[in-house]
Amino acid sequence: MDNQQNSQDTRILRLIQAANQLIEGNFRIRIPDQPEDEIGQLGKALQLLALNLENRYQEIQKLNQLTSAINSGLLLEEVLEHIYEDFRNFIPYDRIGFSLLENQRTILRAHWARAEYTPLKLAKEYTCEMSGSSLETILQSGLPRIINDLQDYLAAKPSSESTRLMVEEGVRSSLTCPLIANGIPIGFMFFSSCRENTYAAAHAEIYMQIAGQLSVIVEKGHLVSILARQKKQLEQQYSEVQRLNNLQNTFLGIAAHDLRNPIASIQNIAELLAMPAIQLTDLERADFIHDIHETAQHMGMLLNDLLDVTSIESGKVTLDPIYYPMRKLLEDAVRRNQFLAEPKNTRIILDTIPEGTACIDIPRMRQVLDNLLSNAVKYSPPGSTVIVRAMPQDTAWRVEVQDQGPGISPVERDRLFKDFSRLSAQPTGGERSTGLGLSITRRVIEAHQGTIGVDSIPGSGSIFWFEIPSILPQDTP
Ligand SMILES: Nc1ncnc2c1ncn2[C@@H]1O[C@H](COP(=O)(O)OP(=O)(O)OP(=O)(O)O)[C@@H](O)[C@H]1O
Ligand SMILES: [Mg+2]
């Protein structure tokens, strides 16, 4: 009897020890098989409990690993990619979609989707109204919804465009999960499978176990993405401001340098003219006044050029393009520049120009042609010939100004269209040169969606050319 009492005590003691181990979190206990009495049944129940606890523990471990893997993504895109890779062990899918609520939760916009197949019909930026949508009830209940036969569902609800698109993609069952971060609905995660009857309550349960955490991670990724976008925009704006600032500083430097001499010379002449002691003939006086006039004119042109580049650069110049006959544009430009050419005995010849119009801003395009023609005259030896041509192409015009000047060496070609690039070619008739003409010309051509360039063999002249569209982009057939 005593022996039996002793053995029961030992068995109970063993069970108490096992229970204490469970309390301490050690679920890997082994209770030996026991006789089928009450203590034995208690032992069996404890063993079962230990097994269940161990399984639950493993499951929680795995889910924790999953959320920390997902959490390791910083930007929303990274978080979603992690979800796509890591959820596979828990929930089956061929596609995951992710949508966010917008406009005080009245609109749902698809932000991301990835599938085992392409193309996706319901893709990024797809939007739908929340009001009246079945998704509203999912948000209200906070619980996932399973549809295991989407074709049936569509037959019952033919007005659902999103379901139709999914069925067209080949999706047959779906698990739609709400994302509710810190008590506020933020969107949905859509798990979809190409097979019917893929989803069971167990999948929804798994989702629910980490729904809160997942929503917060996704929300965090979304905010980080917005911040990253804003940071990039700010950086771009900052570097643009820096660039304009640098340009302005360069211009100020150049303006100070290039304007100081002429101002000083105007001052000197003015002082001279004002001195009563100095007797000047009418001719000398007229010469001095002519010098003042020329110098002031040059300063005015330089200032205009500087203001021009600054306003083009800061985006303040908007073109006002109209369709204009190419031949008239070129005839006028040749006529305007004859007064520069004649004193040098240079001939400007206009090739036969075919009929047709170009879509241009007239004052700006005149500026371009004046620059190219004046350069051709300025840098070519006296008595040479400048030829102007225009060839219509498919939907563009190619205009060329050919001269017999010194040409452009390959080394200098890169600097040609940059600000203040006075190169080795010097004006051959004492003309002024500031090095801004071609940089303004390039900007105007680019504003016309065109391109500009030069073909030249050093020593044998240059052909400066540009190509501009002959029709407005919106009029393109
Ligand atoms: N047709 C040409 N042949 C040879 N060199 C040229 C020709 N056109 C321009 N260049 C070289 O390129 C440089 C830049 O030309 P750009 O028209 O920009 O300025 P610029 O003529 O010096 O001054 P401006 O601002 O008055 O036009 C010139 O200084 C010259 O050295
Ligand atoms: Mg020039």
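Whatever order the structure lists them in is the order used to number ligands and atoms, beginning at 1. The structure displayed is predicted, hence computed values, not measured ones. Note: hydrogens, waters and symmetry copies are ignored here, and every other heavy atom, side chains too, is used.
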Only heavy atoms of [X], strictly under 4.0 Å: list the atoms of ligand 1 that pass.
{"X": "Lys378", "result": "20 (P), 21 (O), 23 (O), 26 (O)"}
{"X": "Leu416", "result": "12 (O)"}
{"X": "Leu438", "result": "9 (C), 15 (O), 16 (P), 17 (O), 18 (O)"}
{"X": "Ser421", "result": "13 (C), 14 (C), 29 (O)"}
{"X": "Asn371", "result": "27 (O)"}
{"X": "Ala425", "result": "4 (C), 5 (N), 30 (C), 31 (O)"}
{"X": "Asp403", "result": "1 (N), 2 (C), 3 (N)"}

Next item on the list: Would you please determine whether Phe417 falls within less than 4.0 Å of ligand 1 on a heavy-atom basis?
Entry: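 Contact absent.
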Margin query: Tell me whether Gly437 reaches ligand 1 (any heavy atom closer than 4.0 angstrom to a ligand atom).
Written below: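 Heavy atoms of Gly437 do come under 4.0 Å of ligand 1.
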Note to self: Is the distance from the ring center of Tyr93 to that of Tyr84 below 6.0 Å?
What the structure shows: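 When the ring centroids of Tyr93 and Tyr84 are compared, they turn out to be within the sub-6.0 Å range.
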Note to self: Looking at every heavy atom in both Thr357 and Trp397, which two are closest together, and how far apart are they?
What the structure shows: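 Smallest interatomic distance, heavy atoms only, reads O-NE1, 2.9 Å.
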Which residue holds the protein heavy atom closest to [atom], what is that atom called, and what is the gap in Å?
{"atom": "atom 29 (O) of ligand 1", "value": "Tyr379 OH, 3.1 Å"}
{"atom": "atom 25 (O) of ligand 1", "value": "Thr434 OG1, 2.6 Å"}
{"atom": "atom 22 (O) of ligand 1", "value": "Ser433 OG, 2.5 Å"}

Check: So is there a nitrogen or oxygen of Asn375 less than 3.5 Å from a nitrogen or oxygen in ligand 1?
Finding: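 Min N/O separation from ligand 1 is below 3.5 Å for Asn375.
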Next item on the list: Identify the residue among Ile445, Thr451, Val444 that makes a side chain to side chain contact (heavy atoms under 4.5 Å, CB included) with His448.
Entry: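 Answer to the side chain to side chain contact (heavy atoms under 4.5 Å, CB included) test with His448 among Ile445, Thr451, Val444: Val444.
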Notebook entry, point to check: Taking the side chain as C-beta and beyond, is there a heavy-atom pair between Cys177 and Phe188 under 4.5 Å?
Noted result: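 The answer is no, as the side chains (C-beta and beyond) never meet within the 4.5 Å cut-off.
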Check: So, Thr434 and the Mg ion (ligand 2): N/O/S under 2.8 Å, yes or no?
Finding: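 False for Thr434.
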Checklist line | Separation of Ile463 CD1 from Ser456 OG (nearest 0.5 Å) | finding: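 That separation rounds to 9.0 Å.
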Margin query: Could you measure the distance from the OH atom of Tyr323 to the CD1 atom of Ile471? Nearest 0.5 Å is fine.
Written below: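 Tyr323 atom OH to Ile471 atom CD1 measures 6.0 Å (nearest 0.5 Å).
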Note to self: Going by the closest heavy atom to atom 4 (C) of ligand 1, which one wins out of Ile440, Asp419, Ile408?
What the structure shows: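 Result: the heavy atom closest to atom 4 (C) of ligand 1 is in Ile408.
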Margin query: Using the rule given for salt bridge (Lys or Arg N to Asp or Glu O under 4.0 Å), can you reason through Arg88 versus Glu116, listing the C-alpha separation, both sets of side-chain angles and the distance that settles it, and then say yes or no?
Written below: CA-CA 12 Å; Arg88 222 168 266 293; Glu116 297 297 293; 3.3 Å; yes
Item checked: Backbone of Val377 reached by a side-chain donor or acceptor of Lys344 within 3.5 Å ->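 Side chain of Lys344 to backbone of Val377, a donor-acceptor pair under 3.5 Å: yes, one is there.
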Notebook entry, point to check: For Arg95, what residues pass the side-chain contact (heavy atoms from CB on, under 4.5 Å) criterion, not counting sequence neighbours?
Noted result: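 Arg95 satisfies side-chain contact (heavy atoms from CB on, under 4.5 Å) with Ala113, Ala115, Tyr117, Leu120, Leu122, Met166, Glu169, Val171, Ser192 once adjacent residues are dropped.
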Check: Just heavy atoms, cut-off under 4.0 Å: does Thr441 contact ligand 1 by side chain, backbone, both, or neither?
Finding: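 For Thr441, there is no contact with ligand 1 at all, from either part.
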